[in-house]
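What follows is a set of notes on a single structure, which appears directly below.
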Amino acid sequence: MEKSKNNYAIIMAGGVGSRFWPASRGTYPKQFLDILGTGKTLLQQTYDRFLKAFLPENIFIVTNIAYLPLVKQQLPNMPEDRILGEPTAKNTAACIAYASAKIHKLNTHAACIVAPSDHLILDEAKFLNYVELGLNYAHKNPSLVTLGIRPSRPDTGYGYIQYIDEDNSNRDIFKVKTFTEKPSFEIAQTFIESGDFLWNAGIFIWSISSIKKAFKQHLSEQYDIFENASHSLFTENEAETIRVFYEQCRSISIDYGIMEKAENVYVIPSEFGWSDLGTWTSLYEISSKDESQNAVKGKNVFLYNVEGCLVNKSESLNGKIIALKSVKDLIVVDTPDVLLICDKSQEQEVKQIATDIKIKFNEKYT
C-alpha cells in the first residue's frame, strides 16, 4: 500500500478495558499492556501496523487526557499535536468528530481509517489490502465504509452487520442492510446460517467530507460543536477550547449516532485473523495451548490434571508459585494486589465484579 499524503489513520485509545480486569486498570488500561507477550503493547502494535501504510504525520491518536503520558512514553516519536487528549470520555462519536476536525483543517481532500488501539490482527498484509481497497473507494464515493469480519461461529459477544448481495460490478464492497447489537445464541446461529451477516469490528473508512456531512445530518449538535472549536485547533488554545466544548457533547457511539441511521453505509467482508481481545476468553482462544488445552503466561505455574484453563500471571510475580490441581475451564489472573479466579462460562461477570470492587474500595483496585 502506497503512503499517500491524502490518507490518514485515527487510532482510538481511550477505553478502560474493564472486561480485562484485574490486569487492565483505570490508570493503566489494556491498550498500554503487553497482553500477548510479544514485547510490545497493543497500542504499539497498532501504531506500527499503520506506520507501514501511512505517513507518520498522518497518524492521529485520540485518548483520555489521563493517558497522554502513557501514549508519549510508549510512542515517543509521535508529534504532540497528533496525540489528542479527551477531557472526559464521551464514547466514539465525539473522539471521531474531534480527530476529523483536525484532519479537515489540514487537508480537505483526506480520507481516513478509524480503528481501535487494542485489537489483534494476525495477517497485517491482508488487513492493509482491505484498508487500501476501502480508502480508494472512499476517495471516489460519498460513502461510509466499515470492515466486517466473516464469522467463524455464532458468537454472542459481537454486533452483526447484514449486507445486501446486489448485482453490481464491485464484488468486494456491499451495501449494508442492518446493524444488530449482540444477539442471543439462537439468533446468532441463524445469522451464521444465512450467510449474509458479518461481525462488526468497529473499523471504519471514509473521506473527511463524507463523515462531516454525516455528522451534520445525524449528529448536528456535535457537528456544530467542533465547527465552532475549529479555530483553535493546532494552536496553544486547543486544549482549553476542547475542554469547554467537550462538556457540551452527548455521549453516543458512532454506530448509534451515525452508522445505523445513514443511507450510504457499505461493508467490505474481510478475513485477516481478527479478534477484538474484548475478554479473557478471546485471549484464551488465540493463545498457544498445551496438550490439555491450557494457555499459560508467566513463570512458575504448575498444573496437575488441569484442562482448558487460562492462567495469566504478572511478570512482577515471577518469584511466586501458582499451582492448580484437578480443575478445568477457569480463568486465573494474578496481579500484585488482586487475584481473579473465574469460570470461563461466567466471564461476562468480570466487568460487574470490577464495578462492585470499585464501589467498595473507590479506585484502589480498579
Side-chain angles (χ1 to χ4, degrees), residues 15-42 45 118-120 122 151-158 182 184-185 188-189 273-366:
V16 296
S18 55
R19 289 182 294 170
F20 253 95
W21 182 84
S24 179
R25 306 289 180 96
T27 55
Y28 215 101
K30 70 168 181 168
Q31 60 267 30
F32 302 108
L33 300 174
D34 179 11
I35 288 284
L36 301 171
T38 63
K40 289 187 175 181
T41 68
L42 295 176
Q45 289 188 52
D118 55 0
H119 287 187
L120 171 71
L122 293 175
S152 57
R153 60 188 181 278
D155 198 304
T156 60
Y158 297 137
K182 299 172 183 178
S184 67
F185 181 82
Q189 213 161 19
W274 173 87
S275 170
D276 72 342
L277 289 179
T279 62
W280 286 111
T281 295
S282 65
L283 176 62
Y284 170 81
E285 288 170 352
I286 59 95
S287 297
S288 58
K289 304 173 185 68
D290 63 19
E291 63 277 5
S292 298
Q293 295 302 297
N294 299 304
V296 177
K297 179 175 179 274
K299 296 179 181 177
N300 296 324
V301 177
F302 297 89
L303 307 179
Y304 303 90
N305 188 32
V306 173
E307 296 178 10
C309 287
L310 170 75
V311 182
N312 189 283
K313 180 182 167 190
S314 171
E315 288 183 6
S316 63
L317 300 175
N318 281 342
K320 181 180 181 180
I321 288 176
I322 293 180
L324 301 181
K325 167 70 173 165
S326 299
V327 294
K328 64 179 182 178
D329 298 330
L330 294 181
I331 296 166
V332 180
V333 184
D334 202 7
T335 72
D337 58 348
V338 176
L339 169 64
L340 170 71
I341 302 173
C342 175
D343 191 292
K344 278 197 300 194
S345 67
Q346 301 296 311
E347 73 153 355
Q348 295 297 332
E349 301 300 319
V350 168
K351 186 174 182 178
Q352 185 60 50
I353 293 169
T355 299
D356 293 343
I357 289 174
K358 183 175 182 179
I359 292 171
K360 188 172 180 62
F361 296 99
N362 292 320
E363 298 183 354
K364 183 179 180 181
Y365 298 106
T366 57

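Quantities reported herein were computed from a predicted structural model and do not represent experimental measurements. Residue numbers count from 1 along this sequence.
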> Strictly by modelled atom types, are Gln45 and Thr38 linked by a side-chain donor-acceptor pair under 3.5 Å?
Replying inline: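 Indeed, the side chains of Gln45 and Thr38 share at least one donor-acceptor pair under 3.5 Å.
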
> For Ser316 and Ser314, does a side-chain donor sit closer than 3.5 Å to a side-chain acceptor?
Replying inline: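 Short answer, yes.
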
> Which residues satisfy the ring pair (Phe, Tyr, Trp, His ring centres under 6.0 Å) test with Tyr158, sequence neighbours excluded?
Replying inline: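 For Tyr158, the residues satisfying ring pair (Phe, Tyr, Trp, His ring centres under 6.0 Å) (neighbours in sequence not counted) are Trp199, Trp274.
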
What's the spacing between [X] [atom1] and [Y] [atom2] if we round to 0.5 Å?
X      : Y      : atom1 : atom2 : result
Asp118 : Ser275 : CG    : OG    : 10.0 Å
Leu42  : Leu277 : CG    : CG    : 6.0 Å
Leu283 : Leu120 : CG    : CG    : 9.0 Å
Leu36  : Lys297 : CG    : NZ    : 9.0 Å
Thr41  : Leu33  : OG1   : CG    : 8.0 Å
Leu303 : Ser292 : CG    : OG    : 8.5 Å

> Parallel, tilted or perpendicular: which describes the rings of Tyr365 and Phe361, with under 30° parallel and over 60° perpendicular?
Replying inline: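 If you compare the ring of Tyr365 with that of Phe361, the planes turn out perpendicular.
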
Pairwise side-chain contact, [X] with [Y], heavy-atom cut-off 4.5 Å (strictly under):
X      : Y      : answer
Thr335 : Asn312 : no
Phe32  : Arg25  : no
Thr279 : Gln348 : yes
Thr355 : Lys358 : no

If you take all heavy atoms of [X] and [Y], which pair is closest and at what distance?
X      : Y      : result
Asn300 : Asn318 : ND2-O, 2.5 Å
Ile357 : Trp21  : CD1-CH2, 3.3 Å
Ile331 : Lys344 : CG1-CG, 3.6 Å
Gly308 : Asn294 : N-OD1, 3.1 Å
Gln31  : Gly15  : NE2-O, 3.0 Å
Ser24  : Lys30  : OG-N, 2.9 Å

Answer yes or no: are there more than 12 heavy-atom neighbours, outside [X] itself, under 6.0 Å from its atom [atom1]?
X      : atom1 : result
Lys289 : NZ    : yes
Lys351 : NZ    : no
Glu315 : CD    : no

Please check this pair: side chain of [X] against backbone of [Y], looking for a donor-acceptor N/O pair closer than 3.5 Å.
X      : Y      : answer
Glu347 : Trp280 : yes
Asp356 : Ile353 : no
Asn305 : Lys325 : no

> Passes side-chain contact (heavy atoms from CB on, under 4.5 Å), Leu330 versus Leu324? Steps please.
Replying inline: CA-CA 10 Å; Leu330 294 181; Leu324 301 181; 5.5 Å; no

> Among Lys320, Lys313, Lys299, which one satisfies salt bridge (charged side-chain N to carboxylate O under 4.0 Å, His left out) with Asp334?
Replying inline: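 Checked Lys320, Lys313, Lys299 against Asp334; only one passes salt bridge (charged side-chain N to carboxylate O under 4.0 Å, His left out): Lys320.
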
